[in-house]
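Taking it in order: structure first as structure tokens, then the write-up.
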Amino acid sequence: QVQLVESGGGLVQAGGSLRLSCAASGYAYVMGWFRQAPGKERESVAAISWGSSSTDIYFRDSVKGRFTISRDNAKNTVHLQMNSLTPEDTAVYYCAAGKRFGSSPQLYDYWGQGTRVTVSS
């Protein structure tokens with residue numbers, strides 16, 4: 001069982017930046033971020049794996065060039081740096097962890113409680 005705790009959400013103006021962090025209670029091969037806006041389905045945002053020989057990273061198209069993801073394996077922490085935020089990025093952001101790399105929520109076994117991000121225009 002891996003417990004995940006997100007932090008870093010808040011209110012920011014369009015064009016601003018936020019950094020989300022997720023602390024895991026243990027190691028997970030893949031850590032990812034998802035988001036869910038009101039009335040919409042949960043969607044993948046970014047994911048990062050950490051293996052002995054390589055690291056895979058995924059971003060959804062709409063955040064490429066604006067968001068970066070990184071992880072500190074010594075601390076079992078993943079960060080999502082979000083720049084050039086737009087109102088369309090407004091959502092509850094969830095951290096997730098799992099054993100298989102990918103963008104589907106079904107691949108992730110553990111989920112955090114979520115942190116709200118609101119981008120004002």
Side-chain angles (χ1 to χ4, degrees):
Q1 190 82 6
V2 176
Q3 295 180 331
L4 304 171
V5 179
E6 303 102 334
S7 62
L11 173 64
V12 64
Q13 289 187 333
S17 299
L18 282 174
R19 186 180 191 231
L20 305 183
S21 297
C22 174
S25 62
Y27 170 80
Y29 174 62
V30 181
M31 296 186 76
W33 289 95
F34 291 77
R35 66 187 182 187
Q36 188 165 18
K40 295 187 177 180
E41 293 186 354
R42 189 170 299 190
E43 62 184 20
S44 62
V45 177
I48 184 168
S49 69
W50 185 78
S52 59
S53 60
S54 65
T55 298
D56 294 312
I57 293 178
Y58 159 84
F59 291 105
R60 71 179 300 104
D61 287 344
S62 62
V63 308
K64 287 180 180 178
R66 300 188 297 124
F67 291 12
T68 59
I69 188 170
S70 61
R71 62 185 292 172
D72 183 339
N73 294 303
K75 297 181 180 179
N76 291 324
T77 301
V78 64
H79 304 286
L80 183 69
Q81 177 66 42
M82 306 186 295
N83 299 325
S84 301
L85 286 161
T86 73
E88 289 68 38
D89 296 313
T90 295
V92 177
Y93 283 69
Y94 296 90
C95 177
K99 303 180 183 67
R100 293 182 291 168
F101 182 80
S103 61
S104 170
Q106 283 71 33
L107 295 174
Y108 294 81
D109 303 306
Y110 307 105
W111 292 84
Q113 293 299 308
T115 184
R116 186 173 300 277
V117 171
T118 303
V119 185
S120 63
S121 57

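Computed over heavy atoms, backbone and side chain alike; hydrogens, waters and symmetry mates excluded. Because the structure is predicted, anything quoted here is derived from the model rather than measured.
- Here the OG1 atom belonging to T115 is positioned 10.0 Å from the OH atom belonging to Y94, to the nearest 0.5 angstrom.
- Within the structure, the salt bridge (Lys or Arg N to Asp or Glu O under 4.0 Å) test picks out the following pairs touching residues 109-121 (sequence neighbours left out): K99-D109.
- A search for salt bridge (Lys or Arg N to Asp or Glu O under 4.0 Å) contacts involving R66 returns D89, not counting sequence neighbours.
- A search for salt bridge (Lys or Arg N to Asp or Glu O under 4.0 Å) contacts involving E43 returns R35, R60, not counting sequence neighbours.
- Looking at Q113, its side chain never comes within 3.5 Å of a backbone N or O of E6 through a donor-acceptor pair.
- In this structure, A28 and A97 approach most closely via the heavy-atom pair CB-CB, 3.6 Å.
- Across every non-hydrogen atom of A14 and P87, the tightest pair is CB-CD, 4.2 Å.
- With a 4.5 Å cut-off between side-chain heavy atoms of Ile, Leu, Val, Met, Phe, Trp and Tyr, the cluster of Y93 takes in V2, L4, V12, L18, L20, M31, W33, V45, I48, I57, F59, V63, F67, I69, V78, L80, M82, L85, Y110, V117, V119.
- The two residues F34 and S103 make their nearest non-hydrogen contact at CE2-O, 3.3 Å.
- Taking a 4.5 Å side-chain heavy-atom cut-off between Ile, Leu, Val, Met, Phe, Trp and Tyr, the cluster of V5 contains only that residue.
- G102 and Y108 make their closest contact through O-OH, 2.6 Å (heavy atoms, listed as atom of the first residue, atom of the second, distance).
- In terms of heavy-atom proximity, W50 sits nearest to Y27 at O-OH, 2.7 Å.
- H79 NE2 to T68 OG1: the interatomic distance, rounded to the nearest 0.5 Å, is 10.5 Å.
- Of the inter-residue distances, the one linking S21 atom OG with Q81 atom CD reads 9.0 Å to the nearest 0.5 angstrom.
- Taking both residues in full, the closest heavy atoms of V30 and A47 are given as CG1-CB, 4.4 Å, listed atom of the first, atom of the second, then distance.
- Not a single salt bridge (Lys or Arg N to Asp or Glu O under 4.0 Å) links K40 to another residue, sequence neighbours left out.
- Counting heavy atoms from C-beta on, the side chains of F101 and T55 never come closer than 4.5 Å.
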